[in-house]
Structures are given as C-alpha cells and as structure tokens.
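What follows is a single structure, written as structure tokens, with notes after it.
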Amino acid sequence: MADKILEVINLSKYFKTPRGMLHAVDDVSFDIEKGKTLGIVGESGCGKSTAGRAILRLTEPTAGQVIFEGTDITKLNVRQMNQKRRDMQIIFQDPFSSLDPRKTINQTVSEPIIANKILTDKEKIRARVRELMEVVGLAERLINSYPHELDGGRRQRIGIARALAMNPKFIVCDEPVSALDVSIQAQILNLMKDLQKQLGLTYIFITHDLSVINHFSDDIAVMYLGKLVEKAPAEELFTYPLHPYTQALLSAIPVPEVGGPKRQRIILKGEITSPINLPDECRFAKRCIYADDKCLEKNPELREIKPGHFISCCYSERFLSDIYRR
Ligand SMILES: Nc1ncnc2c1ncn2[C@@H]1O[C@H](COP(=O)(O)OP(=O)(O)O)[C@@H](O)[C@H]1O
Ligand SMILES: [Mg+2]
C-alpha cells in the first residue's frame, strides 16, 4: 500500500473582509505519497499560497484536517506544533523579501539551528552551515555575504539551505522559481529534484506557471477560486486534461508531447472573480466556453471519474467520453 505522508481533508481558509467572507481555500482534499511531488497550479489569487500556508498552520485553517504522518496537526498545541514544524518547511517565491537583508548567509542558515537548539557548539553550527551550503551548491567563500550581494539563484539557494537546516521531510515550495530568470529556473529545479532524491523529501510545488512543473510533479492539482477543480497524475493531466479550465490553462503553453491530442489555444473570457459571497454555482461557469444553465444550479463536487483522476464539472463524463472517442 502506498505510504501517504500527508492527507488534507476538507481544508478551508476564509478571511473576514468588509464586503463579506472571502473563501480563499474552500473544502479542499488531497493526499501525497512519501517522496512524491504534488504540483498545485492556478491563476494568481486562486488560493495556492493560502492553501500551502494553512497546511503548515502558518495561517490557521478555518476548517478541515491536515494529517501529517498519521497525526492531525490542526489539533496540536503551539509547543507540539513547533516541534512538528521541523519536519514541515516552506520555501518562498521571492528570496529577496523572505530573507533578512541585514543577515549574512551564515546568520540566516544557522538561525533555525540555534533557535531550535539542534546544535549549541559554535564550531559545530558553522560546520553544519558549511555542509548545508555545499548541499545547495553555494561556495563556501560566500558564508559571510549578504543577500543583496548575491544574484536571485544564489538567494534562492539560501532559502533552500535554511529550509533544509531542520532535516525536514516535507516542504511547501511556493513559486520557488517564479521570480528567477528562465536559465536559473532550470538550475534551481534540478537542485530541488536532486535534493528530493537524496533526502527522500516530499514536496508541494505551487506555481501559476504550468510549464515549470511539467516534468517536476508526480501529480498535479488545479485550483480555481479556492476549489480544486482537477487532480491527476502529471502525464495524464497534460495529455488528457478534462476540466475546461485545465484545458484553457494548458492550451496557453506550447505542446511538447508528440502524438498527444492537438490543442487549440482557448482564450478565457473575463478574469478570475473575487472569492467573496460566491453563489452556489460552478465557479468557472462565467468563463467556461461550454457552460449552460445546468452549471448554474449547483457547484459540482470533486469526483474520481477514472482511477486517480479527479474532476469537478457537471459535464465531466461527457468530456471523458469525448476524449476516448478520438
Ligand atoms: N490575509 C488575508 N486577508 C484577506 N484576504 C486574503 C489574505 N491572504 C490572501 N487573501 C485573499 O485570498 C485569495 C487567495 O490568495 P492567495 O492564496 O495568495 O492566492 P495565490 O497564491 O493563488 O495567488 C485572494 O483573493 C487574496 O486576496
Ligand atoms: Mg501565491
């Protein structure tokens, strides 16, 4: 049986706003096997970062459970959670704003080691920092450098080294390469892949850019307005996207697969609407080229319509049969 490291069950995070309740993450469920990567994609504002933060309880979930290695971490007290958080880390998009500009690499990377009293001996701490720098490919001579003295790729390597300092098992990677030049993106992605293999890490890899996770994720979950609208093994999702929203997202990137079904560029009407006071109808209906009255009756549930392939769409079966008729 597959070894699930993380189960997210009916996770929601709402924010109170002057205009009403904002459903940033709304009843999202999925699980991840140990050592695998789940990619989470969707347009800016669809709730990816909030989901990642709620899973780590960096923001308190409104509802739902997060089962990490068999423990529901939403039930842990502060002390227990701090202990657990060693195993569960995060890497941010913009290493420049997430790193303290007044701290050297040495100070930034050693901080969690000192704060958590993992090591106390000064020389041992410095040796551990050097070791972490080597692991992420930072030259030792940079140990006393400040973030502004380094390029974006090196800054992100510091962020990764800091996340690794506690020997975590699971890392939420929130758009870790989105702020980087394309040439550097590949280096960082390769580094993350190598680290995953070496250290047996499990990742949630958040991005608004599907092309980035094409060859990185085992499974991909697509979010729209706080909801999961589709989830499938990466290759299947890229070859047979079923939800009209996933199809539109994919149609915007060049087709790399030979022999896969041809894609036509689908231009989405309108923009992602605000997730405040949403009516009970398909959240994508207003932008969907297939939508009709049925889609306005009720927000469809996420259903497994093929082993491992989940979709929330009133017409999912029709799309499925369309694909197999081709
Ligand atoms: N602290 C907050 N207070 C109020 N609304 C928030 C807060 N954080 C995020 N949101 C809103 O939640 C929604 C999802 O945001 P976010 O998770 O950052 O999306 P993404 O990471 O996919 O771009 C957005 O509408 C955003 O404005
Ligand atoms: Mg975000």
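The structure displayed is predicted, hence computed values, not measured ones. One-based numbering, in listed order, for ligands and for the atoms of each.
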| query | Hey, is there an N, O or S on Q93 sitting under 2.8 Å from the Mg ion (ligand 2)? | reply | no
Donor-acceptor list for residues 29-38 side chains, cut-off 3.5 Å, not counting sequence neighbours:
{"residue": "S29", "atom": "OG", "partner": "N10", "partner atom": "N", "Å": "2.8"}
{"residue": "T37", "atom": "OG1", "partner": "Q196", "partner atom": "OE1", "Å": "3.2"}
{"residue": "T37", "atom": "OG1", "partner": "Q196", "partner atom": "NE2", "Å": "2.9"}

| said: Would F15 count as being in polar contact with ligand 1, using the rule that some N or O on each side must be under 3.5 angstrom apart? | reply: no
| Contact bool for atom 4 (C) of ligand 1 (protein heavy atom, d < 4.0 Å) | yes
| query | Will you find, in the side chains of H208 and E175, an N or O donor that is under 3.5 Å from an N or O acceptor? | reply | yes
| query | Could K169 and E69 be called an ion pair, given the rule that one side-chain N must be under 4.0 Å from one carboxylate O? | reply | yes
| said: Can you check atom 27 (O) of ligand 1: any protein non-hydrogen atom closer than 4.0 Å? | reply: no
| Are R154 and E149 within salt-bridge range, i.e. N to O under 4.0 Å? | no
| query | Counting from 1, what ligand 1 atoms have a heavy atom of S44 closer than 4.0 Å? | reply | 23 (O)
| field | Ion pair check, D100 and R102, cut-off under 4.0 Å | value | yes
| task | May I ask you to decide whether E123 forms a salt bridge with R126, counting only side-chain N to carboxylate O separations under 4.0 Å? | result | no
| field | Residues R162, E111: salt bridge by 4.0 Å N-O rule | value | yes
| request: Tell me, please: is G42 in heavy-atom contact with ligand 1, that is, under 4.0 Å? | output: no
| query | Which bit of L22 gets closer than 4.0 Å to ligand 1, counting heavy atoms only: side chain, backbone, both or neither? | reply | side chain
| Lys/Arg-Asp/Glu bridge criterion (N-O < 4.0 Å) met for K197, D194 | no
| So between G47, G52, S49, whose heavy atom ends up nearest atom 18 (O) of ligand 1? | S49
| request: Mind checking ring-ring contact (aromatic ring centres under 6.0 Å, His included) for F284 and listing every partner two or more places apart, or none if nothing turns up? | output: Y224, H243, Y245
| Winner among S274, G45, A54 once heavy atoms are compared against atom 20 (P) of ligand 1 | G45
| query | Given that the side chain starts at C-beta and the backbone is N, CA, C, O, which of these parts of A51 lies under 4.0 Å from ligand 1, counting heavy atoms, or is it both or neither? | reply | neither
| Out of T50, D174, I40, T59, who gets a non-hydrogen atom closest to atom 16 (P) of ligand 1? | T50
| Got an N/O contact under 3.5 Å between P275 and ligand 1? | no
| task | List every atom of ligand 1 that sits less than 4.0 Å from any heavy atom of A24, numbering the atoms from 1 in the order shown and giving each element. | result | 12 (O), 13 (C)
